[in-house]
Amino acid sequence: MNDVATSFLEAAVRTATPLAFAALGEAVTERAGVINVGLEGVIIAGCFGAVVAAGAGGIVAGLAGGMFAGLVIAAFFALFAVWLRTDQIITGTALTLGALGLTGTLYRIVYGDTGAALSIPTMRPIAIPGLSAIPVLGPAFFAQPIVTYLLYVVIALVWWVLARTHIGLAVRAAGEQPMAAEAAGISVVGVQWGAVLVGGALAGVAGATLVLAQVGTFAEGMSAGRGFIAIAIVALGRWHPVGVALAALLFGAATAMQYLFQSIGSTLPYQLFLALPYALTLVVLAIGSGRAHAPAALGRRELLVR
Amino acid sequence: VAGRPADVIASSAQSLGFALALGTAIVAILAGIVAASGFDVGLAFGALVRGSVGSSYAIFSATLVRATPLILTGLAVALAFRGGILNIGAEGQLLAGAAVATALALAFASSLGIGAVGLGLAGAAVAGAAWAAIPAWLQRRAGVLEVITTIMMNFIALYSVGYLVRGPLQEPSHIYPQSAALPLEAQLPMILPGTRLHAGFLLAVAAAIAAWYIVRFTAAGFRLRVVGANPAAAASAGRVDVAHVRMNTFLLSGAIAGLAGGVEVFGVTYALYENLSPGYGYTAIAVALLAGLHPLLVIASGIVLGALEAGAAAMQREAGVPSVLVSVVEALIILAVVGARAAFVRRRRSAEVRS
């Protein structure tokens, strides 16, 4: 029984890792008052960047490549939504559409129509001595690929920056009271640029994690809605880094259910399990959200025309 | 907004200029990508033109056939956006409509004959509206962002169809992941002999005209527009029940997208399968925005993007250029439209500040 619980939790943490990276980044972006619905596009760009870079230079290059690709798409988003102040939702949707098309096109061009043979180095789990010996939880949380440990650091870092630093204060001010922030000498547009880019870098890493720690190759549309799920996770986690991380774990668990059911020999149709995370998103949003905890100026664009 | 005739002429000249600039820029970018990827630009663009408008076959059997679901889904998105509802779920609503239309037609074709088509299309519209009802309800009850929920519903629709074509609706031999083929009497008639253009195209055009009439000339259409333009003012000055109007707009949008699914099954595929839609529901956003959310212009923009998709398919067949490139073009169209509008608003506001 412990084995089943451990492997279930291990799978939950593994599948939660990219979701948590993307959702943490989006939390930063949203705390600054910008909602990047193009997150899905940023993640798929991260996947593609990671495949290209890892094929050439190994795992570390893959992570950097994913992050770079994420930054490029996020910069594109910021150019329109932050600088031109276009509608954030339509802009994000367009970027998702464009990034899915562009990565699919480039992939076929670079690797050929089949592209099946492409396989890149993936990360092995590294057990942390001591911690990984804790019963049940140890192997699940401390015998993971190195990116998961990087995630633990990022969770703490995002919390610390948002809650305890002047930069974090500026980010929160931009998201809650942009006019007041501007009056206090904070460049809201500058802060929002920064927050979108941080979100892009983390979503790029999310894409890279998907490739380097899970799938080991690229497939068109492999982000499979994770960007949108991550946005739901941000709302469920009430825009707080720790809450967001826990919400991501819940979604990881929902995805890991399919492995659990397979292991006990369930005959339920597998499409049911594939649809589960999306259905869960709806349920979670229905009971756990509303805008009560959202940054007050989230999604607003009508400020700062000079 | 545009009152004096001179303003109208100036603004339509401006939009024409914008459309030309947009078209040129997109062709240039497309050529750039195609050339940079090492393809023969001349061959690729030749295929694009031949496959979309190069022959009467290309026009009637490729472009207009692809334009049909794009006009309907584009209309669904345009109406929703006009009413302030960001329905990104046309894809899922289309699939729900296609699934229900298939099930109804297979069940009733033998007893109802051509009546099964009518029943199936009505069922498709109801299914689309039902699929939209969940996000609509979540938005009304809990203020949940409809962008997220409609996209979740798209994925659920995709996997549901995946289940149906391997389960309850699978063809009798249980080999292929698709439904049984519809009998001849449950298919939409062709409207031009020797082409694949079916009656669904006329239905799509009629729907666009009806939507235009409703939005432009009826009280319900007026309410839809004011709620979209300024919900607070609609509620306080116009005593409009904003939540009610939003719900109706959402359901209407879903019904039209669902209808698109039924039309696609009865007019083109004659069966339900997983990859029924190559993303019509997403392209619909570009269709709607390119038309400036105007129901009649949706007919034109649907045909333009239908031509682009038909041409891209030919480009892939003849020149090897991946047809997914089209979604990059669509994204650029959307960005150009919203970017130009934002830049225009910005210039006007800064002019107002200065004067």
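Reckoned from all heavy atoms, side chains included, excluding hydrogens, waters and symmetry mates. So that the names make sense, note that chain A is the first sequence line, chain B the second, and so on, each numbered from 1.
- The shortest distance between side-chain heavy atoms of B/Phe155 and A/Leu274 does not fall below 4.5 Å.
- Within the 4.5 angstrom heavy-atom criterion, atoms from both the backbone and the side chain of B/Leu335 approach chain A.
- Atoms OG1 and CE, on A/Thr281 and B/Met153 in that order, are 12.0 Å from each other to the nearest 0.5 Å.
- With a 4.5 angstrom heavy-atom cutoff, A/Phe80 touches chain B only via side-chain atoms.
- Environment of CZ in A/Phe76: sparse, with no more than 12 heavy atoms of neighbouring residues, nucleotides or ligands closer than 6.0 Å.
- The closest side-chain heavy-atom distance from A/Gln271 to B/Leu164 is not below 4.5 Å.
- For chain A, no part of B/Arg341 is nearby; none of its heavy atoms comes within less than 4.5 Å.
- Proximity to chain B (any heavy atom under 4.5 Å) is shown, for A/Thr91, by both the backbone and the side chain.
- In this structure the side chain of A/Leu100 never reaches within 4.5 angstrom of the side chain of B/Val324, judged on heavy atoms.
- Heavy atoms only, all atoms of each residue included: B/Ala142 and A/Ala286 are closest at CB-O, 4.0 Å.
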Show your reasoning for whether side-chain contact (heavy atoms from CB on, under 4.5 Å) applies to B/Ile334 and A/Leu95.
CA-CA 9 Å; B/Ile334 298 173; A/Leu95 272 182; over 6 Å; no

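- Interface remark: B/Leu158 contributes no atoms to any contact with chain A (heavy atom separation under 4.5 Å).
- Taking 4.5 Å as the limit, every side-chain heavy atom of B/Ile285 sits out of range of all side-chain heavy atoms of A/Leu97.
- When side chains are defined from C-beta on, B/Leu145 counts as touching A/Ile89, because their heavy atoms get closer than 4.5 Å.
- The contact between B/Leu325 and chain A is made by backbone and side chain atoms together, counting heavy-atom distances below 4.5 Å.
- Counting heavy-atom pairs closer than 4.5 Å to chain A, the top-ranked of the candidates B/Ile134, B/Ile88, B/Ile156, B/Val321 is B/Ile156.
- B/Thr150 OG1 to A/Phe228 CZ: the interatomic distance, rounded to the nearest 0.5 Å, is 8.5 Å.
- Of the two parts of A/Ile229, the backbone and the side chain both hold a non-hydrogen atom closer than 4.5 Å to a non-hydrogen atom of chain B.
- Note that the CG atom of A/Leu102 and the CG atom of B/Leu332 stand 9.0 Å from one another [nearest 0.5 Å].
- Residue B/Val147 touches chain A through its side chain alone, counting heavy-atom pairs closer than 4.5 Å.
- With chain B as partner, the option from A/Ala232, A/Pro277, A/Gly225 having the largest number of non-hydrogen pairs under 4.5 angstrom is A/Gly225.
- Put simply, the side chain of A/Glu40 does not reach to within 4.5 Å of the side chain of B/Ile151, judged on heavy atoms.
- For CZ of B/Phe81, the number of neighbouring non-hydrogen atoms (other residues, nucleotides, ligands) closer than 6.0 Å is greater than 12.
- By number of non-hydrogen pairs under 4.5 angstrom with chain A, the leading residue of B/Gly167, B/Ala343, B/Ala331 is B/Ala331.
- Here A/Gly101 is the residue among A/Gly92, A/Gly98, A/Gly101 with the most heavy-atom pairs under 4.5 Å with chain B.
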